[in-house]
Amino acid sequence: MEAGGLPLELWRMILAYLHLPDLGRCSLVCRAWYELILSLDSTRWRQLCLGCTECRHPNWPNQPDVEPESWREAFKQHYLASKTWTKNALDLESSVCFSLFRRRRERRTLSVGPGHEFDSLGSALAMASLYDRIVLFPGVYEEQGEIILKVPVEIVGQGKLGEVALLASIDQHCSTTRLCNLVFMPAWFSPIMYKTTSGHVQFDNCNFENGHIQVHGPGTCQVKFCTFKNTHIFLHNVPLCVLENCEFVGSENNSVTVEGHPSADKNWAYKYLLGLIKSSPTFLPTEDSDFLMSLDLESRDQAWSPKTCDIVIEGSQSPTSPASSSPKPGSKAGSQEAEVGSDGERVAQTPDSSDGGLSPSGEDEDEDQLMYRLSYQVQGPRPVLGGSFLGPPLPGASIQLPSCLVLNSLQQELQKDKEAMALANSVQGCLIRKCLFRDGKGGVFVCSHGRAKMEGNIFRNLTYAVRCIHNSKIIMLRNDIYRCRASGIFLRLEGGGLIAGNNIYHNAEAGVDIRKKSNPLILCNQIHHGLRSGIVVLGNGKGIIRNNQIFSNKEAGIYILYHGNPVVRCCHGLPF
(Lines give C-alpha, C1' and ligand atoms only; values in the text may rest on other atoms or scores of the structure.)
Protein backbone atom coordinates (compact mmCIF):
# COMPACT_ATOMS: atom_id res chain seq x y z
CA MET A 1 0.00 0.00 0.00
CA GLU A 2 1.23 3.45 -0.89
CA ALA A 3 -1.19 5.61 1.13
CA GLY A 4 0.93 7.31 3.76
CA GLY A 5 3.57 4.61 3.41
CA LEU A 6 2.14 2.75 6.42
CA PRO A 7 2.86 -0.96 6.91
CA LEU A 8 0.01 -3.39 6.35
CA GLU A 9 -0.13 -4.24 10.05
CA LEU A 10 -0.94 -0.63 10.92
CA TRP A 11 -3.59 -0.43 8.21
CA ARG A 12 -5.24 -3.56 9.62
CA MET A 13 -5.31 -2.01 13.09
CA ILE A 14 -6.92 1.16 11.73
CA LEU A 15 -9.50 -0.65 9.64
CA ALA A 16 -10.43 -2.88 12.60
CA TYR A 17 -12.31 0.09 14.08
CA LEU A 18 -14.61 0.52 11.07
CA HIS A 19 -18.24 -0.52 11.00
CA LEU A 20 -19.75 -2.68 8.29
CA PRO A 21 -20.88 0.11 5.89
CA ASP A 22 -17.44 1.75 6.08
CA LEU A 23 -15.70 -1.56 5.39
CA GLY A 24 -17.83 -1.94 2.29
CA ARG A 25 -16.94 1.54 1.06
CA CYS A 26 -13.22 0.99 1.65
CA SER A 27 -13.28 -2.26 -0.32
CA LEU A 28 -14.49 -0.29 -3.37
CA VAL A 29 -11.54 2.12 -3.42
CA CYS A 30 -9.09 -0.09 -5.29
CA ARG A 31 -7.86 -3.64 -5.64
CA ALA A 32 -5.25 -3.25 -2.91
CA TRP A 33 -7.83 -1.95 -0.43
CA TYR A 34 -10.20 -4.75 -1.38
CA GLU A 35 -7.56 -7.38 -0.60
CA LEU A 36 -6.72 -5.58 2.62
CA ILE A 37 -10.35 -5.73 3.76
CA LEU A 38 -10.40 -9.45 2.97
CA SER A 39 -7.33 -9.97 5.14
CA LEU A 40 -9.33 -8.90 8.21
CA ASP A 41 -11.15 -12.23 8.25
CA SER A 42 -9.86 -13.54 11.59
CA THR A 43 -10.09 -10.13 13.31
CA ARG A 44 -12.71 -7.58 12.31
CA TRP A 45 -14.98 -9.92 10.37
CA ARG A 46 -14.92 -12.39 13.25
CA GLN A 47 -15.88 -9.59 15.67
CA LEU A 48 -18.76 -8.49 13.46
CA CYS A 49 -20.07 -12.03 13.08
CA LEU A 50 -19.93 -12.96 16.78
CA GLY A 51 -21.13 -9.53 17.90
CA CYS A 52 -24.32 -9.62 15.82
CA THR A 53 -27.38 -10.07 18.07
CA GLU A 54 -29.35 -11.57 15.20
CA CYS A 55 -27.18 -14.65 14.74
CA ARG A 56 -24.97 -17.08 16.64
CA HIS A 57 -21.73 -18.90 15.93
CA PRO A 58 -21.86 -20.10 12.28
CA ASN A 59 -21.39 -23.74 13.38
CA TRP A 60 -23.86 -23.62 16.27
CA PRO A 61 -25.30 -25.91 17.67
CA ASN A 62 -23.36 -28.95 16.43
CA GLN A 63 -19.80 -27.61 16.29
CA PRO A 64 -19.64 -24.31 18.19
CA ASP A 65 -15.92 -24.78 18.85
CA VAL A 66 -14.99 -25.15 15.18
CA GLU A 67 -14.27 -21.94 13.31
CA PRO A 68 -15.73 -21.52 9.81
CA GLU A 69 -13.46 -21.45 6.79
CA SER A 70 -14.20 -17.75 6.38
CA TRP A 71 -15.82 -15.45 8.94
CA ARG A 72 -16.54 -12.91 6.24
CA GLU A 73 -18.33 -15.46 4.09
CA ALA A 74 -20.34 -16.70 7.10
CA PHE A 75 -21.35 -13.13 7.95
CA LYS A 76 -22.25 -12.49 4.31
CA GLN A 77 -24.43 -15.61 4.10
CA HIS A 78 -26.31 -14.64 7.25
CA TYR A 79 -26.76 -11.04 6.08
CA LEU A 80 -28.20 -12.15 2.74
CA ALA A 81 -30.47 -14.69 4.44
CA SER A 82 -31.75 -12.07 6.90
CA LYS A 83 -32.93 -9.91 4.00
CA THR A 84 -35.01 -12.59 2.27
CA TRP A 85 -38.25 -11.32 3.83
CA THR A 86 -37.82 -7.90 2.15
CA LYS A 87 -37.45 -9.27 -1.38
CA ASN A 88 -41.18 -8.85 -1.85
CA ALA A 89 -40.77 -5.09 -1.34
CA LEU A 90 -38.16 -5.02 -4.11
CA ASP A 91 -40.60 -6.74 -6.44
CA LEU A 92 -43.24 -4.12 -5.67
CA GLU A 93 -40.84 -1.22 -6.18
CA SER A 94 -39.72 -2.62 -9.53
CA SER A 95 -43.30 -2.43 -10.81
CA VAL A 96 -43.79 0.29 -13.45
CA CYS A 97 -46.90 1.71 -11.77
CA PHE A 98 -45.27 1.87 -8.38
CA SER A 99 -42.10 3.48 -9.72
CA LEU A 100 -44.12 6.23 -11.40
CA PHE A 101 -46.71 7.08 -8.77
CA ARG A 102 -45.44 5.73 -5.45
CA ARG A 103 -43.37 7.93 -3.21
CA ARG A 104 -40.40 6.26 -1.60
CA ARG A 105 -40.97 6.16 2.16
CA GLU A 106 -38.39 5.46 4.80
CA ARG A 107 -39.13 2.61 7.17
CA ARG A 108 -40.25 3.78 10.59
CA THR A 109 -39.07 2.28 13.87
CA LEU A 110 -41.79 1.85 16.49
CA SER A 111 -40.68 1.34 20.09
CA VAL A 112 -42.65 -0.83 22.52
CA GLY A 113 -42.10 -0.98 26.26
CA PRO A 114 -42.42 0.96 29.53
CA GLY A 115 -41.68 4.63 28.89
CA HIS A 116 -41.73 4.23 25.12
CA GLU A 117 -44.16 5.11 22.35
CA PHE A 118 -46.37 2.01 22.73
CA ASP A 119 -47.22 -0.19 25.69
CA SER A 120 -48.05 -3.40 23.80
CA LEU A 121 -47.29 -5.15 20.55
CA GLY A 122 -50.94 -5.00 19.51
CA SER A 123 -51.10 -1.21 19.78
CA ALA A 124 -47.88 -0.85 17.76
CA LEU A 125 -49.19 -3.13 15.01
CA ALA A 126 -52.35 -1.04 14.77
CA MET A 127 -50.21 1.98 13.79
CA ALA A 128 -47.64 0.14 11.66
CA SER A 129 -47.25 0.64 7.93
CA LEU A 130 -45.61 -1.51 5.28
CA TYR A 131 -42.19 -2.90 6.31
CA ASP A 132 -41.94 -0.91 9.53
CA ARG A 133 -39.62 -2.12 12.27
CA ILE A 134 -41.11 -2.75 15.71
CA VAL A 135 -38.59 -2.91 18.57
CA LEU A 136 -39.63 -4.59 21.83
CA PHE A 137 -37.57 -3.43 24.79
CA PRO A 138 -36.69 -5.85 27.62
CA GLY A 139 -39.73 -7.21 29.44
CA VAL A 140 -42.57 -9.74 29.25
CA TYR A 141 -45.39 -8.96 26.80
CA GLU A 142 -48.59 -10.97 27.20
CA GLU A 143 -51.30 -10.47 24.60
CA GLN A 144 -54.84 -11.30 25.75
CA GLY A 145 -56.22 -11.93 22.26
CA GLU A 146 -55.05 -13.37 18.96
CA ILE A 147 -52.79 -11.02 16.99
CA ILE A 148 -53.53 -10.68 13.28
CA LEU A 149 -50.64 -9.51 11.14
CA LYS A 150 -52.18 -7.57 8.25
CA VAL A 151 -49.15 -5.67 6.96
CA PRO A 152 -45.52 -6.81 6.48
CA VAL A 153 -43.47 -5.81 9.54
CA GLU A 154 -40.26 -6.72 11.31
CA ILE A 155 -40.51 -7.45 15.05
CA VAL A 156 -37.18 -7.40 16.90
CA GLY A 157 -36.28 -7.82 20.57
CA GLN A 158 -33.84 -5.30 22.02
CA GLY A 159 -30.89 -6.54 24.09
CA LYS A 160 -29.67 -10.09 24.63
CA LEU A 161 -31.73 -13.13 23.72
CA GLY A 162 -33.97 -13.98 26.67
CA GLU A 163 -34.59 -10.40 27.80
CA VAL A 164 -37.74 -10.06 25.68
CA ALA A 165 -40.51 -12.66 26.13
CA LEU A 166 -43.70 -12.66 24.06
CA LEU A 167 -46.75 -14.66 25.20
CA ALA A 168 -49.00 -14.51 22.18
CA SER A 169 -50.84 -16.35 19.43
CA ILE A 170 -50.04 -14.76 16.06
CA ASP A 171 -51.91 -15.41 12.81
CA GLN A 172 -50.14 -14.01 9.74
CA HIS A 173 -52.37 -12.73 6.93
CA CYS A 174 -49.76 -10.58 5.17
CA SER A 175 -47.25 -11.58 2.50
CA THR A 176 -44.10 -11.48 4.65
CA THR A 177 -42.85 -10.99 8.22
CA ARG A 178 -39.60 -11.28 10.15
CA LEU A 179 -39.22 -11.96 13.88
CA CYS A 180 -35.85 -11.81 15.60
CA ASN A 181 -34.25 -12.07 19.06
CA LEU A 182 -37.46 -13.04 20.87
CA VAL A 183 -38.59 -15.73 23.31
CA PHE A 184 -41.99 -17.12 22.29
CA MET A 185 -44.39 -18.77 24.71
CA PRO A 186 -48.01 -19.78 24.10
CA ALA A 187 -50.83 -17.54 25.27
CA TRP A 188 -53.20 -18.83 27.91
CA PHE A 189 -55.98 -19.47 25.38
CA SER A 190 -54.09 -21.35 22.62
CA PRO A 191 -51.01 -23.62 22.26
CA ILE A 192 -50.38 -22.18 18.77
CA MET A 193 -47.69 -19.52 18.95
CA TYR A 194 -47.52 -18.73 15.23
CA LYS A 195 -49.48 -19.66 12.12
CA THR A 196 -49.37 -18.71 8.45
CA THR A 197 -51.26 -20.15 5.48
CA SER A 198 -49.98 -18.24 2.46
CA GLY A 199 -47.27 -15.76 3.42
CA HIS A 200 -43.57 -16.07 4.19
CA VAL A 201 -42.26 -15.91 7.76
CA GLN A 202 -38.63 -15.62 8.85
CA PHE A 203 -37.38 -16.42 12.37
CA ASP A 204 -33.83 -15.48 13.37
CA ASN A 205 -32.21 -16.14 16.77
CA CYS A 206 -35.44 -16.91 18.66
CA ASN A 207 -36.43 -19.34 21.41
CA PHE A 208 -39.73 -21.23 21.35
CA GLU A 209 -41.06 -22.97 24.43
CA ASN A 210 -43.97 -25.40 24.98
CA GLY A 211 -46.10 -24.58 21.96
CA HIS A 212 -46.81 -25.15 18.27
CA ILE A 213 -45.88 -23.48 14.99
CA GLN A 214 -47.99 -24.12 11.90
CA VAL A 215 -47.13 -23.36 8.28
CA HIS A 216 -49.59 -24.32 5.55
CA GLY A 217 -48.86 -24.25 1.82
CA PRO A 218 -48.38 -22.19 -0.22
CA GLY A 219 -46.87 -20.49 2.83
CA THR A 220 -43.10 -20.75 3.37
CA CYS A 221 -40.76 -20.23 6.30
CA GLN A 222 -37.07 -19.67 6.94
CA VAL A 223 -35.74 -20.46 10.43
CA LYS A 224 -32.14 -19.97 11.57
CA PHE A 225 -30.29 -19.99 14.91
CA CYS A 226 -33.43 -20.87 16.89
CA THR A 227 -34.01 -23.14 19.90
CA PHE A 228 -37.20 -25.20 20.25
CA LYS A 229 -37.93 -26.57 23.72
CA ASN A 230 -40.82 -29.03 23.71
CA THR A 231 -42.13 -27.25 20.61
CA HIS A 232 -43.71 -28.85 17.56
CA ILE A 233 -43.35 -27.47 14.03
CA PHE A 234 -46.14 -28.62 11.72
CA LEU A 235 -45.61 -28.13 7.97
CA HIS A 236 -48.58 -28.96 5.75
CA ASN A 237 -48.20 -28.99 1.95
CA VAL A 238 -45.35 -26.47 2.12
CA PRO A 239 -43.57 -25.98 -1.22
CA LEU A 240 -40.33 -25.05 0.56
CA CYS A 241 -39.26 -24.52 4.16
CA VAL A 242 -35.70 -24.08 5.45
CA LEU A 243 -34.59 -24.93 9.00
CA GLU A 244 -30.88 -24.20 9.58
CA ASN A 245 -28.65 -24.23 12.66
CA CYS A 246 -31.52 -24.93 15.04
CA GLU A 247 -31.73 -26.95 18.26
CA PHE A 248 -34.71 -29.14 19.19
CA VAL A 249 -34.82 -30.25 22.82
CA GLY A 250 -37.20 -32.31 24.94
CA SER A 251 -40.03 -32.94 22.49
CA GLU A 252 -42.96 -34.95 23.85
CA ASN A 253 -43.93 -35.98 20.32
CA ASN A 254 -42.28 -35.18 16.96
CA SER A 255 -40.15 -32.07 16.77
CA VAL A 256 -40.95 -31.53 13.07
CA THR A 257 -43.88 -32.97 11.12
CA VAL A 258 -43.93 -32.69 7.30
CA GLU A 259 -47.31 -33.69 5.94
CA GLY A 260 -48.71 -33.69 2.43
CA HIS A 261 -47.21 -33.30 -1.02
CA PRO A 262 -45.54 -29.91 -1.62
CA SER A 263 -48.09 -27.45 -2.95
CA ALA A 264 -47.95 -26.67 -6.67
CA ASP A 265 -49.11 -23.15 -5.79
CA LYS A 266 -46.01 -21.23 -4.68
CA ASN A 267 -45.78 -17.82 -3.05
CA TRP A 268 -43.33 -15.04 -3.92
CA ALA A 269 -40.61 -16.27 -1.51
CA TYR A 270 -40.16 -19.69 -3.13
CA LYS A 271 -37.69 -18.59 -5.82
CA TYR A 272 -35.62 -16.58 -3.35
CA LEU A 273 -35.36 -19.46 -0.89
CA LEU A 274 -34.37 -21.79 -3.70
CA GLY A 275 -31.67 -19.39 -4.84
CA LEU A 276 -30.40 -19.00 -1.29
CA ILE A 277 -30.12 -22.78 -0.89
CA LYS A 278 -28.24 -23.19 -4.16
CA SER A 279 -25.77 -20.44 -3.28
CA SER A 280 -24.88 -21.93 0.11
CA PRO A 281 -22.19 -24.63 0.57
CA THR A 282 -23.32 -28.16 -0.23
CA PHE A 283 -22.94 -31.25 1.94
CA LEU A 284 -22.11 -33.49 -1.00
CA PRO A 285 -18.50 -34.60 -0.53
CA THR A 286 -15.71 -34.25 -3.03
CA GLU A 287 -14.09 -37.40 -1.70
CA ASP A 288 -14.88 -39.49 1.34
CA SER A 289 -12.33 -39.45 4.11
CA ASP A 290 -11.26 -42.82 5.49
CA PHE A 291 -13.69 -43.58 8.26
CA LEU A 292 -11.32 -46.12 9.75
CA MET A 293 -8.86 -43.45 10.75
CA SER A 294 -11.58 -41.43 12.55
CA LEU A 295 -12.17 -44.17 15.11
CA ASP A 296 -10.40 -43.78 18.43
CA LEU A 297 -8.35 -46.63 19.84
CA GLU A 298 -11.11 -47.92 22.09
CA SER A 299 -13.61 -48.00 19.22
CA ARG A 300 -11.09 -49.84 17.06
CA ASP A 301 -10.62 -52.55 19.64
CA GLN A 302 -14.38 -52.95 19.99
CA ALA A 303 -14.93 -52.97 16.26
CA TRP A 304 -12.29 -55.58 15.49
CA SER A 305 -13.71 -58.57 13.68
CA PRO A 306 -12.20 -60.53 10.78
CA LYS A 307 -15.56 -61.28 9.20
CA THR A 308 -17.64 -59.30 6.75
CA CYS A 309 -21.23 -58.17 7.04
CA ASP A 310 -23.65 -60.95 8.01
CA ILE A 311 -27.05 -61.28 6.36
CA VAL A 312 -29.78 -63.22 8.14
CA ILE A 313 -32.70 -64.50 6.06
CA GLU A 314 -35.40 -65.97 8.29
CA GLY A 315 -38.33 -68.19 7.28
CA SER A 316 -38.83 -71.85 6.42
CA GLN A 317 -40.52 -70.91 3.12
CA SER A 318 -37.45 -69.12 1.82
CA PRO A 319 -36.49 -70.51 -1.61
CA THR A 320 -32.83 -70.44 -0.57
CA SER A 321 -33.42 -72.61 2.50
CA PRO A 322 -32.24 -76.20 2.24
CA ALA A 323 -34.68 -78.98 3.03
CA SER A 324 -32.80 -80.12 6.10
CA SER A 325 -31.51 -77.27 8.24
CA SER A 326 -31.62 -78.62 11.79
CA PRO A 327 -28.31 -78.68 13.69
CA LYS A 328 -26.53 -81.96 14.27
CA PRO A 329 -27.10 -83.68 17.58
CA GLY A 330 -24.73 -82.57 20.28
CA SER A 331 -23.71 -79.40 18.53
CA LYS A 332 -24.04 -76.02 20.22
CA ALA A 333 -26.95 -73.90 19.00
CA GLY A 334 -25.87 -70.91 17.00
CA SER A 335 -22.34 -72.23 16.33
CA GLN A 336 -22.81 -75.09 13.84
CA GLU A 337 -21.86 -74.08 10.29
CA ALA A 338 -22.69 -75.75 6.99
CA GLU A 339 -21.66 -74.75 3.49
CA VAL A 340 -24.27 -73.64 0.95
CA GLY A 341 -22.67 -74.08 -2.46
CA SER A 342 -19.82 -71.72 -3.34
CA ASP A 343 -21.64 -68.44 -2.76
CA GLY A 344 -21.82 -68.29 1.01
CA GLU A 345 -22.07 -70.02 4.34
CA ARG A 346 -25.08 -71.00 6.41
CA VAL A 347 -25.18 -70.85 10.20
CA ALA A 348 -28.07 -72.05 12.39
CA GLN A 349 -29.19 -69.26 14.72
CA THR A 350 -30.71 -69.20 18.18
CA PRO A 351 -33.93 -67.31 18.89
CA ASP A 352 -32.13 -64.57 20.80
CA SER A 353 -30.37 -63.52 17.61
CA SER A 354 -33.62 -62.34 16.04
CA ASP A 355 -34.72 -58.74 16.18
CA GLY A 356 -36.96 -58.38 19.21
CA GLY A 357 -40.56 -59.38 18.57
CA LEU A 358 -39.94 -60.26 14.93
CA SER A 359 -39.74 -64.04 15.16
CA PRO A 360 -42.49 -65.55 12.99
CA SER A 361 -43.75 -68.25 15.31
CA GLY A 362 -42.17 -68.11 18.72
CA GLU A 363 -39.00 -69.23 20.46
CA ASP A 364 -38.66 -72.71 18.91
CA GLU A 365 -37.96 -71.59 15.35
CA ASP A 366 -34.19 -71.72 15.54
CA GLU A 367 -33.94 -74.42 12.90
CA ASP A 368 -35.78 -72.19 10.39
CA GLN A 369 -33.46 -69.24 10.83
CA LEU A 370 -30.60 -69.10 8.35
CA MET A 371 -27.59 -66.80 8.16
CA TYR A 372 -25.83 -66.23 4.86
CA ARG A 373 -22.46 -64.58 4.89
CA LEU A 374 -21.36 -62.68 1.84
CA SER A 375 -19.24 -64.63 -0.62
CA TYR A 376 -16.31 -62.21 -0.42
CA GLN A 377 -15.47 -63.01 3.19
CA VAL A 378 -11.75 -62.79 3.83
CA GLN A 379 -10.20 -66.27 3.62
CA GLY A 380 -7.31 -66.10 6.06
CA PRO A 381 -5.08 -63.22 7.04
CA ARG A 382 -3.82 -60.76 4.46
CA PRO A 383 -1.15 -58.26 5.45
CA VAL A 384 -1.95 -54.57 5.26
CA LEU A 385 0.08 -51.51 6.16
CA GLY A 386 0.20 -51.04 9.91
CA GLY A 387 -1.30 -54.39 10.91
CA SER A 388 -3.16 -57.47 9.77
CA PHE A 389 -6.63 -58.93 9.98
CA LEU A 390 -5.62 -60.92 13.04
CA GLY A 391 -5.46 -57.94 15.40
CA PRO A 392 -6.24 -54.27 15.72
CA PRO A 393 -4.01 -51.84 13.81
CA LEU A 394 -1.30 -49.96 15.59
CA PRO A 395 -2.25 -46.43 16.72
CA GLY A 396 -1.52 -43.89 14.02
CA ALA A 397 -0.67 -46.58 11.47
CA SER A 398 -1.55 -46.08 7.83
CA ILE A 399 -4.35 -48.44 6.79
CA GLN A 400 -4.98 -49.71 3.29
CA LEU A 401 -7.85 -52.08 2.65
CA PRO A 402 -7.38 -54.94 0.18
CA SER A 403 -9.24 -54.63 -3.08
CA CYS A 404 -11.92 -57.07 -1.95
CA LEU A 405 -12.92 -54.70 0.87
CA VAL A 406 -12.43 -51.26 -0.69
CA LEU A 407 -15.73 -49.44 -1.08
CA ASN A 408 -16.50 -46.60 -3.43
CA SER A 409 -16.84 -43.16 -1.91
CA LEU A 410 -20.25 -41.48 -1.86
CA GLN A 411 -19.17 -39.11 -4.60
CA GLN A 412 -18.07 -42.02 -6.79
CA GLU A 413 -21.37 -43.81 -6.24
CA LEU A 414 -23.39 -40.70 -7.08
CA GLN A 415 -21.35 -40.11 -10.22
CA LYS A 416 -22.14 -43.65 -11.37
CA ASP A 417 -25.83 -43.36 -10.49
CA LYS A 418 -27.25 -40.25 -12.15
CA GLU A 419 -30.69 -40.77 -10.66
CA ALA A 420 -29.23 -40.87 -7.17
CA MET A 421 -27.20 -37.74 -7.93
CA ALA A 422 -30.32 -35.90 -9.12
CA LEU A 423 -32.16 -37.02 -6.00
CA ALA A 424 -29.31 -35.87 -3.73
CA ASN A 425 -29.28 -32.43 -5.36
CA SER A 426 -33.05 -31.94 -5.34
CA VAL A 427 -34.83 -29.71 -2.81
CA GLN A 428 -38.55 -30.00 -2.24
CA GLY A 429 -40.76 -29.62 0.78
CA CYS A 430 -38.68 -29.12 3.92
CA LEU A 431 -34.90 -28.70 4.12
CA ILE A 432 -33.38 -29.32 7.57
CA ARG A 433 -29.68 -28.54 7.71
CA LYS A 434 -27.05 -28.47 10.48
CA CYS A 435 -29.64 -28.89 13.26
CA LEU A 436 -29.46 -30.77 16.57
CA PHE A 437 -32.29 -33.01 17.79
CA ARG A 438 -31.75 -34.32 21.31
CA ASP A 439 -33.32 -35.63 24.51
CA GLY A 440 -36.88 -36.11 23.31
CA LYS A 441 -39.26 -38.58 21.73
CA GLY A 442 -39.10 -38.05 17.99
CA GLY A 443 -37.04 -36.07 15.51
CA VAL A 444 -38.65 -35.69 12.08
CA PHE A 445 -41.93 -37.31 10.99
CA VAL A 446 -42.73 -37.29 7.25
CA CYS A 447 -46.14 -38.60 6.18
CA SER A 448 -48.89 -38.52 3.52
CA HIS A 449 -46.71 -37.90 0.44
CA GLY A 450 -44.51 -35.44 2.31
CA ARG A 451 -41.00 -34.52 1.15
CA ALA A 452 -38.06 -33.68 3.41
CA LYS A 453 -34.30 -33.34 3.01
CA MET A 454 -31.93 -33.57 5.99
CA GLU A 455 -28.25 -32.63 5.73
CA GLY A 456 -25.53 -32.55 8.35
CA ASN A 457 -27.82 -32.93 11.37
CA ILE A 458 -27.28 -34.73 14.68
CA PHE A 459 -30.01 -36.93 16.18
CA ARG A 460 -29.18 -38.24 19.65
CA ASN A 461 -30.91 -39.58 22.76
CA LEU A 462 -34.33 -39.80 21.07
CA THR A 463 -36.86 -42.61 20.83
CA TYR A 464 -36.36 -42.45 17.06
CA ALA A 465 -34.68 -40.01 14.68
CA VAL A 466 -36.80 -40.12 11.49
CA ARG A 467 -40.06 -41.79 10.49
CA CYS A 468 -41.18 -41.85 6.85
CA ILE A 469 -44.60 -43.33 6.00
CA HIS A 470 -47.50 -43.20 3.48
CA ASN A 471 -45.69 -42.71 0.16
CA SER A 472 -43.41 -40.03 1.56
CA LYS A 473 -39.83 -39.47 0.44
CA ILE A 474 -36.80 -38.45 2.48
CA ILE A 475 -33.25 -37.51 1.51
CA MET A 476 -30.72 -37.95 4.31
CA LEU A 477 -27.11 -36.89 3.72
CA ARG A 478 -24.26 -36.86 6.22
CA ASN A 479 -26.31 -37.06 9.41
CA ASP A 480 -25.24 -38.58 12.74
CA ILE A 481 -27.88 -40.79 14.39
CA TYR A 482 -27.03 -42.42 17.70
CA ARG A 483 -28.35 -43.56 21.08
CA CYS A 484 -31.97 -43.86 19.93
CA ARG A 485 -34.15 -45.94 22.24
CA ALA A 486 -35.72 -47.68 19.23
CA SER A 487 -34.55 -47.79 15.61
CA GLY A 488 -32.82 -44.80 14.09
CA ILE A 489 -34.74 -44.54 10.80
CA PHE A 490 -38.19 -46.09 10.19
CA LEU A 491 -39.73 -46.49 6.73
CA ARG A 492 -43.31 -47.76 6.44
CA LEU A 493 -46.17 -47.93 3.92
CA GLU A 494 -44.22 -47.33 0.70
CA GLY A 495 -41.86 -44.74 2.12
CA GLY A 496 -38.67 -44.19 0.16
CA GLY A 497 -35.90 -41.83 -0.81
CA LEU A 498 -32.13 -41.67 -0.41
CA ILE A 499 -30.21 -42.45 2.79
CA ALA A 500 -26.54 -41.77 2.05
CA GLY A 501 -23.32 -41.00 3.87
CA ASN A 502 -24.82 -41.17 7.37
CA ASN A 503 -23.17 -42.40 10.56
CA ILE A 504 -25.69 -44.57 12.45
CA TYR A 505 -24.54 -46.23 15.66
CA HIS A 506 -25.27 -47.23 19.27
CA ASN A 507 -29.04 -47.50 18.72
CA ALA A 508 -31.18 -49.84 20.84
CA GLU A 509 -32.90 -51.42 17.82
CA ALA A 510 -32.05 -51.54 14.12
CA GLY A 511 -30.17 -48.65 12.57
CA VAL A 512 -32.60 -48.68 9.62
CA ASP A 513 -36.00 -50.43 9.74
CA ILE A 514 -37.76 -51.04 6.38
CA ARG A 515 -41.30 -52.43 6.22
CA LYS A 516 -44.58 -52.54 4.26
CA LYS A 517 -43.41 -51.98 0.68
CA SER A 518 -40.99 -49.20 1.52
CA ASN A 519 -38.24 -48.94 -1.07
CA PRO A 520 -35.31 -46.64 -0.17
CA LEU A 521 -31.80 -46.41 -1.61
CA ILE A 522 -29.33 -46.93 1.25
CA LEU A 523 -25.90 -45.89 0.09
CA CYS A 524 -22.43 -45.48 1.64
CA ASN A 525 -23.54 -45.36 5.28
CA GLN A 526 -21.68 -46.55 8.36
CA ILE A 527 -24.03 -48.59 10.55
CA HIS A 528 -22.24 -49.99 13.56
CA HIS A 529 -22.23 -50.85 17.27
CA GLY A 530 -26.00 -51.29 17.38
CA LEU A 531 -27.54 -53.22 20.24
CA ARG A 532 -29.54 -55.30 17.71
CA SER A 533 -29.23 -55.61 13.91
CA GLY A 534 -27.80 -53.03 11.51
CA ILE A 535 -30.63 -53.07 8.94
CA VAL A 536 -33.96 -54.92 9.23
CA VAL A 537 -36.15 -55.58 6.18
CA LEU A 538 -39.52 -57.31 6.63
CA GLY A 539 -43.21 -57.17 5.72
CA ASN A 540 -42.66 -56.90 1.95
CA GLY A 541 -40.06 -54.21 2.49
CA LYS A 542 -37.71 -53.61 -0.42
CA GLY A 543 -34.83 -51.25 -1.05
CA ILE A 544 -31.35 -51.17 -2.54
CA ILE A 545 -28.64 -51.53 0.10
CA ARG A 546 -25.33 -50.75 -1.56
CA ASN A 547 -21.78 -49.94 -0.59
CA ASN A 548 -22.37 -49.65 3.16
CA GLN A 549 -20.02 -50.43 6.05
CA ILE A 550 -22.04 -52.50 8.55
CA PHE A 551 -20.07 -53.86 11.48
CA SER A 552 -19.94 -54.59 15.22
CA ASN A 553 -23.71 -54.84 15.64
CA LYS A 554 -24.70 -57.37 18.32
CA GLU A 555 -26.94 -59.27 15.91
CA ALA A 556 -27.04 -59.55 12.13
CA GLY A 557 -25.66 -56.86 9.86
CA ILE A 558 -28.72 -57.16 7.62
CA TYR A 559 -31.75 -59.10 8.88
CA ILE A 560 -34.38 -60.15 6.29
CA LEU A 561 -37.66 -61.85 7.23
CA TYR A 562 -41.44 -61.88 6.60
CA HIS A 563 -41.12 -61.56 2.79
CA GLY A 564 -38.56 -58.80 2.89
CA ASN A 565 -36.94 -58.50 -0.54
CA PRO A 566 -34.07 -55.99 -0.73
CA VAL A 567 -31.20 -55.86 -3.21
CA VAL A 568 -27.90 -56.04 -1.31
CA ARG A 569 -24.61 -55.23 -3.03
CA CYS A 570 -21.08 -54.59 -1.81
CA CYS A 571 -21.82 -54.20 1.90
CA HIS A 572 -18.82 -54.92 4.08
CA GLY A 573 -17.91 -55.18 7.70
CA LEU A 574 -14.66 -53.48 8.58
CA PRO A 575 -11.57 -55.67 8.96
CA PHE A 576 -11.25 -54.65 12.61
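These numbers come from a predicted model, not from an experiment.
- Arg133 places none of its side-chain heavy atoms less than 4.5 Å from the side chain of Val153.
- Applying the ring-ring contact (aromatic ring centres under 6.0 Å, His included) criterion to Phe459, with sequence neighbours excluded, gives Phe437.
- Side-chain atoms of Leu491 and Ile499, non-hydrogen and from C-beta on, do get closer than 4.5 Å to each other.
- With Phe203 as the fixed residue, the ring-ring contact (aromatic ring centres under 6.0 Å, His included) test singles out one of Phe225, Tyr194, Phe228: Tyr194.
- Here the side chain of Asp132 pairs no donor or acceptor atom with the backbone of Glu154 at under 3.5 angstrom.
- Residues forming a side-chain contact (heavy atoms from CB on, under 4.5 Å) with Thr220 (at least two apart in sequence, or on another chain): His200, Pro239, Asn267, Ala269, Leu273.
- Each ring-ring contact (aromatic ring centres under 6.0 Å, His included) pair with one or both residues in residues 480-504, not counting sequence neighbours, appears once here: Tyr482-Tyr505.
- In this structure, Ile481 and Asn503 have side chains that are not in contact, with every pair of non-hydrogen atoms separated by 4.5 Å or more.
- Two residues are said to be in side-chain contact when any heavy atoms from C-beta on lie closer than 4.5 Å; Val135 and Thr109 meet this criterion.
- Partners of Phe137 by ring-ring contact (aromatic ring centres under 6.0 Å, His included), not counting sequence neighbours, listed by chain and number: His116.
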Determine whether Val164 and Asn181 satisfy the following criterion, side-chain contact (heavy atoms from CB on, under 4.5 Å), listing intermediate values before the conclusion. CA-CA 8 Å; Val164 180; Asn181 206 40; 6.0 Å; no
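- Annotation: side-chain contact (heavy atoms from CB on, under 4.5 Å) contacts of Ile148 (sequence neighbours excluded): Glu146, Lys150, Asp171, His173.
- Annotation for Gly450 and Ser472: closest pair N-OG, 3.1 Å, computed over non-hydrogen atoms.
- Take Tyr464 and apply the ring-ring contact (aromatic ring centres under 6.0 Å, His included) test, not counting sequence neighbours, and it matches no residue.
- Proximity of Tyr131 to Trp85: side-chain heavy atoms (C-beta onward) are separated by under 4.5 Å at one or more points.
- Residues Ile527 and Ile535 form a side-chain contact, since some pair of their non-hydrogen atoms from C-beta on lies under 4.5 Å apart.
- Under the 30°/60° scheme for interplanar angles, the aromatic rings of His528 and Phe551 are found to lie parallel.
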